[in-house]
Protein chains: 2
Amino acid sequence: MAKDPVTLQDVADAAGVSIATASRALTGKSRVSKQTTAHVVRVASRLGYRVNVFGRALREGTGRTVGVVVPVISNPFFGQLVHHLEAELLDHGLDLLIADSHGETLREKGRLRMLVERRVEGIIVVPSDAEESAPALQDAARTTPLVQLDRRVEGVAVDYVGVDNSRGMSLLMEHLNSHGVREVVLVASDSTTSAGRERREAYEREATRMGMVMQDPILDEFTLEFGQRAAQQLATRGSMAEAVIAGDDLIATGLVIGLKKAGLSIPEDVLITGFDGTMLANICDPMLTTIEQPFASLARETVRALVRRIADRDAPVMFSRLSPSLRAAASTGGVPAPETENADAEAASS
Amino acid sequence: MAKDPVTLQDVADAAGVSIATASRALTGKSRVSKQTTAHVVRVASRLGYRVNVFGRALREGTGRTVGVVVPVISNPFFGQLVHHLEAELLDHGLDLLIADSHGETLREKGRLRMLVERRVEGIIVVPSDAEESAPALQDAARTTPLVQLDRRVEGVAVDYVGVDNSRGMSLLMEHLNSHGVREVVLVASDSTTSAGRERREAYEREATRMGMVMQDPILDEFTLEFGQRAAQQLATRGSMAEAVIAGDDLIATGLVIGLKKAGLSIPEDVLITGFDGTMLANICDPMLTTIEQPFASLARETVRALVRRIADRDAPVMFSRLSPSLRAAASTGGVPAPETENADAEAASS
DNA sequence: CTGTTAGCGCATTCAT
DNA sequence: ATGAATGCGCTAACAG
């Protein structure tokens, strides 16, 4: 029933041509008469021939595979990213080897090494640490086309594609400013990720520019638990800021949970903003005002960059920033100037 | 700087031994003197030798790779599953090729074919359709060791590992029963997935056994949107059931959002249960009473089954059901009989 | 314990 | 346009 291994030679024999012709007919990379091509193709499919990727890979020096390294695939943000990357790569005939760094640089290093040893055509990586990821990343990039996605490491000349965090934070701050917010506090990741740094810098820049009062920030990591912990901390602090700017949707969601547990109402007592535009933002109650990452575009651009790098190892380093957009929701009181102020309470003011 | 391709022959030459000895020394699969082994290893590492996986794969007929195909990697449930699978496979020296079926059987078929053509050692698949996934799945299983995870297709003799959905639903129903619930309604996936079927059957069996009144179920797919739609439908129905049993956490979360929007309070007006124990259950407000899937165990068991199948293609078909556990939370009023009834309201009853 | 040799399946160069 | 022959890098069978 399952006598699988039908080789190119088998096809050639059955078709009465040489293995060379069979190969040419099937790959279509060289000139073969229409006649024989059709014939060979027919015979091949009749025999159920499938090229042996190992043979081809050995010969060509590469399998059609790229690897991706993310901090945690179970995080919906990375899940969405991978989902789009997979689809995009499929269009290029590339398959995806996935590696999870668990956010640990040591493990990340090991996974990168694995991908290099597997001689993937390219690597897409979301570095887990802005500084400590550098050596392993640079190392991998030396032998394999590599592009950083979403986060990047300090001062290494490696392609990067990500959202414009600075612009995203500006959108958020302008939104809050237009709501009359004067005192804010940041709850975000520490400086171990570039995204964390960039968002924080933009936050401080904008708050300063707008003359807002900044409370001491609380910084740690991009997790739900941290958001909840930070909420407790904020709740026991003397005075609550008017708005809490979270580093991402996960932290924001944790904050919402924690602050509500502490007896605060959102957005009545305090406004909250997220970042990323994941499904969490819509699950949160109230729904999160957040920055939408253009997932599909990010994936497309990343693959484009990788393919370009594969084609030309010496192309100038690409640094691509995509524009994010604001998604205003209930966690900051909704959109700035809607038709109706509020659907339920305090009505009858017309 | 990067004159990469150092082959085994290079190592052999530099070490002054034959290529065979070099190979043996490095793989350790055959007897070589301690002396030469050490020497060869040293030389290899000095030269920065890395085996060429293609050469090895061609020779051995297999690369150390397994493929996984899931409906949607961006769904946190599958994200968690993949996260654990990746870790588990790593322990076995196996790497993971990921494929997303987008829940479409056509695409699923294509992805399975891809994995087979890549000659992966094994395939782990979460079938997207209990019936229509069958042909492609059976086809892939004919040539490649394959195990179904979480969901399975009708009547094909292929290994399966999943949680005991029937038991899970029983736990949920007993929980509701102990809360005095008499009228229930199911909002779940239609019968396109085995998980959906099994949960529904168990639900009906238990409800009947407990003498509960069952309202007409609302069935469609495992998505947040469907949960929200179903909530609207329920809200406009004549009378609300005492408890809504959702097919999974995603639907449950959608229900919570939708029912709250319709002005209902949970658990005061209606109880809600989820299934899976994903992070969503903890993000929901109120937190979801749900069934915890033992992710780590599922992954371990799945890989174990796959490895077993790889070792013995003729081993009897394995059908493994893991026990789930109940996580009682606020969406059903909390745990059945705690010390204190309620922490805030209605106190002072001591 | 070690060396020699033969392919694994394929794409390709060099002839024709 | 086609065929014959070569080698990608590696492991294993077969000598010694």
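Remark: Ser18(A) is in phosphate contact with dG3(D), judged by side-chain N or O atoms under 4.0 Å from OP1 or OP2. In terms of phosphate contacts, Ser33(B) brings a side-chain nitrogen or oxygen within less than 4.0 Å of OP1 or OP2 of dT2(C). Between Thr36(A) and dT2(D) there is a side-chain N or O to OP1 or OP2 distance below 4.0 Å. For Thr27(A) and dA11(C), the shortest distance from a side-chain N or O to OP1 or OP2 is not below 4.0 Å. Considering only side-chain N and O atoms, Thr7(A) lies nowhere under 4.0 angstrom from the phosphate OP1 or OP2 of dC8(C).
Taking atom CZ of Arg56(A) as the reference point, atom P of dC10(C) lies 9 Å away to the nearest angstrom. Rounded to whole angstrom, the span from the NE2 atom of His39(B) across to the P atom of dT2(C) amounts to 12 Å. In this entry the distance linking NZ of Lys29(A) with P of dT12(C) reads 6 Å, nearest Å. Rounded to whole Å, the distance from CD on Gln9(A) to P on dC8(C) is 10 Å. Counting to the nearest Å, the C1' atom of dG9(C) and the CZ atom of Arg118(B) are 16 Å from each other.
With hydrogens and angles left out, the side chain of Arg24(A) and the base of dT13(C) share a donor-acceptor pair within 3.5 Å.
Listed nucleotides: dG9(C), dC10(D), dT2(D). Nearest to the side chain of Leu58(A): dG9(C). Among the nucleotides dA5(D), dC10(D), dT2(D), the one closest to any side-chain atom of Ile19(A) is dA5(D).
Using a 4.0 Å heavy-atom cutoff across all strands shown, Val17(B) reaches sugar-phosphate atoms only and no base atom. Using a 4.0 Å heavy-atom criterion, one finds that Leu8(A) contacts the sugar-phosphate atoms exclusively. Within 4.0 Å of Ser23(A), counting heavy atoms only, lies at least one base atom of the nucleic acid.
Proximity of a side-chain donor or acceptor of Ser23(A) to a complementary backbone N or O of Ile19(A) within less than 3.5 Å is not detected. Proximity of a side-chain donor or acceptor of Glu108(A) to a complementary backbone N or O of Ser128(A) within less than 3.5 Å is detected.
Along DNA chain C, the nucleotide closest to Glu60(B) and the one closest to Gly16(B) are compared, and the more 5′ of them pairs with Gly16(B).
Between the side chains of Arg321(B) and Tyr160(B), a donor-acceptor pair is found at a separation under 3.5 Å. For the residue pair Arg118(A)/Thr65(B), the side-chain donor-acceptor check at 3.5 Å is satisfied.
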Could you check Asn75(B) against Phe222(B) for side chain to side chain contact (heavy atoms under 4.5 Å, CB included), going step by step and ending with a plain yes or no?
CA-CA 10 Å; Asn75(B) 176 328; Phe222(B) 288 127; 5.6 Å; no
